[in-house]
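Below you'll find the structure, written out as structure tokens, and then a few comments.
In this chain, residues are counted from 1 in sequence order. Worth saying up front: this structure is predicted, and the values here are computed from it rather than measured.
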Amino acid sequence: MEEVIPDYHWLENSTHVCYEEEMAGSVTSQFCGMRDNCQGMVLPLVLEITWSKHFRAVLYFIGLIYSFFGIGIVSDLFMSAIEKITAKTKEIHLAGSSDDGPEVIEVPVWNGTVANLTLMALGSSAPEILLAIIGIVGNNFEAEALGPSTIVGSASFNLLAISAVCISGIPDGETRKIQQFPVFCITALFSILAYIWLLVVLVFISKDRIEIWEAVITFLFFPVLVVIAYCADKGWLNKLFCHDPDKHANKQQQIELGSCQPGESEGMLGDTEYFKGGRVDRDALVGFIKDIKKNTKLSDEDAAVIAASKVVDSQPKSRIWYRIGATRNMTGGRKIQPSLKMNDKLKEVYDAINDHSELPNIEYPDSDAEKSIIEFHASSAAVMENIGTFKVLVCRHGKLTSTVRVRVETIDGSANEGEDYQAVNEVLTFEPHETEKQIGVTIVDDNQWEPDEEFFLKLSMVSGDDSIEMKLGRTSIMEITILNDDEPGTFQFEKRGHLVKESCGNALLSIIRQNGADGDVTIKYKTIDKTAI
């Protein structure tokens, strides 16, 4: 007698899911259960309950990670686009007595507070906002489980967790001041009121339901917040918050009489403004290049290249530029750079160098996608003397399909090879589609006191067939500063004197620490009467 093999299969309808055993064309047993309410807008595409739990767990995890990557990429592009919008400036022409024509200054188009509350907030919260919109539209305008919870949870995280991280991140013994205290108070107040309003609407006025008028009022709270915060930013509400702007801005009212030791503590760039009136200050640029060449073995061309890169990098960035950089650092993403292409500011600096009779002609960094562009990630870095070996990142962009080589070598500045650092002279090979390389630089640690010193890393092209496939970027020379750690350092006032108005309140005097950074140091100070008592 031939053995009959049973057939097993699943059935489903609007209310039940059933598992049947069929033999010889008739159902021998059936097990049914009620369907749950877990029904997404897209998934499940098939009856996934029939699959193994382990297989489904792996599949869902892969889909979740894929979605996170997609949201991260789109959000990063969205935030970068918003940064470009909020960083836009316009030129203001001021009449003056100068023969060179009217003075030109650049001012931002967007107010910082307004940009932070509107476009920046939209960019950082876009994923949860879109999730809520898609969910409520696809669910017949009834709140689904994920969207509203994501928005409320994200707001709670920003209000509580982010504030806690900012507070706990301050080193022991140090303090930080809130720069725009009235704006902070207003945004904090509206954050608390938002939860109270949400509770009143959903619990007391119309339980578990949002009326049209409630939604309109809730939406109108946003422009009210922006307007009030803008008024606080402009200083129109200072009296309401007992905020004295003169007390916090008195350092700008002081006339500084110069450094105690010019050039020694100001760093490579100092406090010089290289873009006065919206245009590059050629005299200041020439002086900067000459200062770089002092006590170094840099050629004229190398000094001009590093000067151009550092001057452009020193320009102020918008708030969202730093926000994007912080997000990428926390998530391990590609670090943000000011620009990989020849922007207007950089071209202006290069033109100023090439047009000056005392300076060498330098070639514009190429932004052509037909060539591989190789450069350092940053124009400068500072390390402690006891760091040992640290890594320097060399980046490649542009054409990525070819194999190219670049030479990395060290050049003495005030630091000498062998005594202060170990010389580097090697060739890096970038394989096709390889975008980053790291090179180790070793600092020599000793117990002898010496001032902070610097040396340079330089990229140069390697002769060969692959040299026609590549070009050096604008950051082809990098300055490395070695911070001495063998002594506690010396302390002095940043300026030898200040002239202040009698009405300024508190005068702020900066104290600098140089030529050593070993340990925590406490300094006592006192005042001595002269003609003022």
Side-chain angles (χ1 to χ4, degrees), residues 38-46 48 51-87 116 118-139 144-158 160-162 165 317-341 369 372-375 377-378 391 393-401 430-438:
C38 185
Q39 180 71 23
M41 289 180 292
V42 178
L43 298 177
L45 297 175
V46 296
E48 300 170 9
W51 300 349
S52 167
K53 289 184 178 180
H54 303 289
F55 176 74
R56 281 187 288 160
V58 173
L59 187 65
Y60 295 159
F61 179 77
I62 294 175
L64 189 66
I65 297 300
Y66 178 81
S67 301
F68 283 161
F69 273 117
I71 292 175
I73 293 172
V74 174
S75 298
D76 187 78
L77 293 174
F78 188 41
M79 291 282 285
S80 298
I82 291 176
E83 190 274 335
K84 188 175 183 63
I85 295 173
T86 56
N116 197 33
T118 54
L119 292 181
M120 295 183 192
L122 174 63
S124 59
S125 302
E128 53 261 39
I129 294 175
L130 292 177
L131 179 63
I133 293 175
I134 294 173
I136 197 170
V137 172
N139 200 34
E144 42 89 29
L146 194 58
S149 302
T150 304
I151 292 181
V152 175
S154 175
S156 302
F157 183 83
N158 291 336
L160 302 176
I162 297 300
V165 169
K317 313 296 188 305
S318 65
R319 298 178 188 177
I320 198 170
W321 189 91
Y322 293 103
R323 173 178 282 186
I324 295 172
T327 303
R328 292 184 180 180
N329 286 337
M330 289 188 295
T331 58
R334 176 177 59 85
K335 294 180 175 61
I336 189 171
Q337 300 185 48
S339 177
L340 293 175
K341 296 185 178 182
S372 294
I373 314 299
I374 299 180
E375 60 184 337
H377 183 266
K391 299 296 184 180
L393 190 64
V394 182
C395 302
R396 173 193 184 188
H397 55 96
K399 183 180 180 181
L400 303 177
T401 56
F430 285 82
E431 300 296 337
H433 302 289
E434 190 174 12
T435 59
E436 293 182 352
K437 282 281 190 181
Q438 288 186 337

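Nearest heavy atom pair, residue Arg396 against residue Phe430, reads NH1-CB, 3.6 Å. In plain terms, the two heavy atoms of His397 and Glu375 that are nearest each other are NE2-OE2, 3.1 Å.
Using a 4.5 Å heavy-atom threshold, the side chains of His433 and Thr401 count as touching.
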Pairs under 3.5 angstrom only: tabulate donor-acceptor contacts from the side chains of residues 146-158 to other protein residues two or more places apart or in another chain.
residue: Ser149; atom: OG; partner: Ala145; partner atom: O; Å: 3.0
residue: Thr150; atom: OG1; partner: Leu146; partner atom: O; Å: 2.6
residue: Ser154; atom: OG; partner: Glu128; partner atom: OE2; Å: 2.9
residue: Ser156; atom: OG; partner: Val152; partner atom: O; Å: 2.9
residue: Ser156; atom: OG; partner: Tyr195; partner atom: OH; Å: 2.7
residue: Asn158; atom: ND2; partner: Ser154; partner atom: O; Å: 3.4

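Rounding to the nearest 0.5 angstrom, the gap separating the CD1 atom in Ile136 from the CD1 atom in Ile134 is 12.5 Å. Separating the CZ atom in Phe55 from the OH atom in Tyr60 is a distance of 9.5 Å, to the nearest 0.5 Å. With values rounded to the nearest 0.5 angstrom, Leu130 atom CG is found 5.5 Å from Ile133 atom CD1. Atom CD1 of Ile373 and atom NZ of Lys399 lie 11.0 Å apart (nearest 0.5 Å).
Not a single donor-acceptor pair under 3.5 Å links the side chain of Ser372 to the backbone N or O of Gly398.
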